[in-house]
Amino acid sequence: MFARIVEFTPKQEKREEIVNVLRKEVLPILKNQQGFLEILPFVPEVKMEKLITVTLWAEKRDAERYEREVYPKVEGILKPYLMTPAAWKHYNVETSLCQHFVAALTA
């Protein structure tokens with residue numbers, strides 16, 4: 001399993017709206033991507049902190065394909081809601097540490 005972590009700072013006046021955009025516009029795009037497993041949005045309690053999303057992918061190449069072919073469209077959807085461009089990182093997920101989560105995803 002592979003994770004793509006994106007950090008971004010929403011515009012203060014668009015803070016509540018961006019979560020709805022993620023749910024209604026971005027999630028359907030993600031669901032259509034080969035290897036996409038899940039999105040985990042982390043919304044901070046402190047309003048000026050960054051919002052973090054973790055997307056989980058079956059394999060690294062699935063996340064890389066999404067980033068190359070589809071993410072520019074998603075970035076365009078999110079751009080009006082952001083103070084600065086999003087920053088992302090890639091991680092391998094050590095599945096032996098999250099067996100219950102993996103079992104829930106495959107159920």
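Note that the structure is predicted; figures quoted are calculated from it, not measured.
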When you measure from the side chain of Asn32 to the backbone of Ile29, do you find a donor-acceptor pair of N or O atoms at a distance under 3.5 Å? no

I want to check a possible cation-pi pair here: Arg4 against Tyr71, using under 6.0 Å from ring centre and within 45° of the ring axis as the test. yes

Nearest heavy-atom contact between Pro44 and Arg15 is O-NH2, 2.6 Å

Rounded to the nearest 0.5 angstrom, the CG-CG distance for Leu27 and Leu22 is 9.0 Å

Evaluate side-chain contact (heavy atoms from CB on, under 4.5 Å) for Phe2 paired with Arg61, printing each intermediate quantity in order.
-> CA-CA 9 Å; Phe2 193 75; Arg61 68 175 176 237; over 6 Å; no

dist Trp57:CH2 -> Arg65:CZ (nearest 0.5 Å) comes out at 9.0 Å

What one should report as the nearest heavy-atom pair of Lys89 and Tyr91 is CD-OH, 3.4 Å

### Message
Do Leu30 and Thr55 make a side-chain contact, defined as non-hydrogen atoms from C-beta onward lying under 4.5 Å apart?
### Response
yes

Open item on the list: Distance alone, cut at 3.5 Å: any donor-acceptor contact between the side chains of Glu64 and His90?
Closed with: no

> With a cut-off of 6.0 Å (strictly less than), are more than 12 heavy atoms of other residues, nucleotides or ligands near CD of Glu16?
Replying inline: no

Would you check if Phe36 and Asp62 make a side-chain contact, meaning some heavy-atom pair closer than 4.5 Å? no

Are Ile77 and Phe8 in one and the same hydrophobic cluster, where Ile, Leu, Val, Met, Phe, Trp and Tyr link if side-chain heavy atoms are under 4.5 Å apart?
-> yes

*Would you say the side chain of Val54 lies within less than 4.5 Å of the side chain of Ile39, judging by non-hydrogen atoms?*
no

In Val6, Ile5, Thr53, the residue satisfying side-chain contact (heavy atoms from CB on, under 4.5 Å) with Trp88 is Val6

Of all heavy-atom pairs linking Asn20 and Arg23, the shortest is OD1-NH1, 2.9 Å

Starting from Ile52, can I reach Val93 by hopping between I/L/V/M/F/W/Y residues whose side chains sit under 4.5 Å apart?
yes

- Walk me through it: do Leu78 and Val26 pass the test side-chain contact (heavy atoms from CB on, under 4.5 Å)? CA-CA 9 Å; Leu78 296 176; Val26 176; 4.2 Å; yes

Assess whether a salt bridge exists between Lys11 and Glu13, defined as any Lys/Arg side-chain N lying under 4.0 Å from an Asp/Glu carboxylate O. no

- request: Give a yes or no on whether Ile18 and Met83 share a hydrophobic cluster (residues Ile, Leu, Val, Met, Phe, Trp, Tyr; joining criterion: side-chain heavy atoms under 4.5 Å apart).
  value: no

Value for NZ (Lys73) from CD (Glu25), rounded to nearest 0.5 Å, stands at 9.5 Å

